[in-house]
Amino acid sequence: MLVLEDSLNGVRAAYEAGYKVVMVPDLLKPSKEAKAKALEICEDLEKILIKIKSENFF
């Protein structure tokens, strides 16, 4: 499972639950903690879909 999150609390929750998480920032820039816990920070949902389809994302 891959979790897409836009908040630090969401990233924390997904990470602590053992899920792979990609942060798609909304209003706030990603913190150091979010960068450390997220598999990737991606500004655009379409870019995530392209990466998943074209690469071995996991």
Side-chain angles (χ1 to χ4, degrees):
M1 180 192 316
L2 178 66
V3 176
L4 304 178
E5 257 306 330
D6 67 345
S7 71
L8 176 57
N9 284 335
V11 169
R12 283 178 181 150
Y15 180 84
E16 295 301 321
Y19 296 118
K20 294 175 182 174
V21 60
V22 172
M23 184 175 195
V24 184
D26 185 20
L27 300 175
L28 301 175
K29 298 269 184 195
S31 67
K32 288 181 184 180
E33 180 184 1
K35 290 177 182 177
K37 292 182 176 179
L39 184 63
E40 187 163 332
I41 307 293
C42 196
E43 301 293 329
D44 186 310
L45 290 173
E46 188 173 349
K47 289 180 183 176
I48 295 170
L49 183 58
I50 291 168
K51 281 185 164 251
I52 291 170
K53 287 182 175 181
S54 67
E55 298 177 16
N56 184 6
F57 193 69
F58 305 102

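We use all heavy atoms of the structure for the numbers below, so side chains are in, but hydrogens, waters and symmetry mates are not. Here the structure is a predicted model, which means the values were calculated and not measured.
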For [X] against [Y], the heavy-atom pair lying closest together:
| X | Y | value |
| --- | --- | --- |
| A38 | V11 | N-CG1, 4.3 Å |
| P30 | K35 | O-CE, 3.7 Å |
| I41 | P25 | CG2-CG, 3.8 Å |

Sorted by chain and number, sequence neighbours left out, side chain to side chain contact (heavy atoms under 4.5 Å, CB included) with L4 holds for L2, V22, L45, I48
Taken to the nearest 0.5 Å, the spacing of L28 CG from M23 CE works out to 7.5 Å
Applied to residues 3-16, the salt bridge (charged side-chain N to carboxylate O under 4.0 Å, His left out) test, sequence neighbours excluded, yields R12-E33, E16-K37
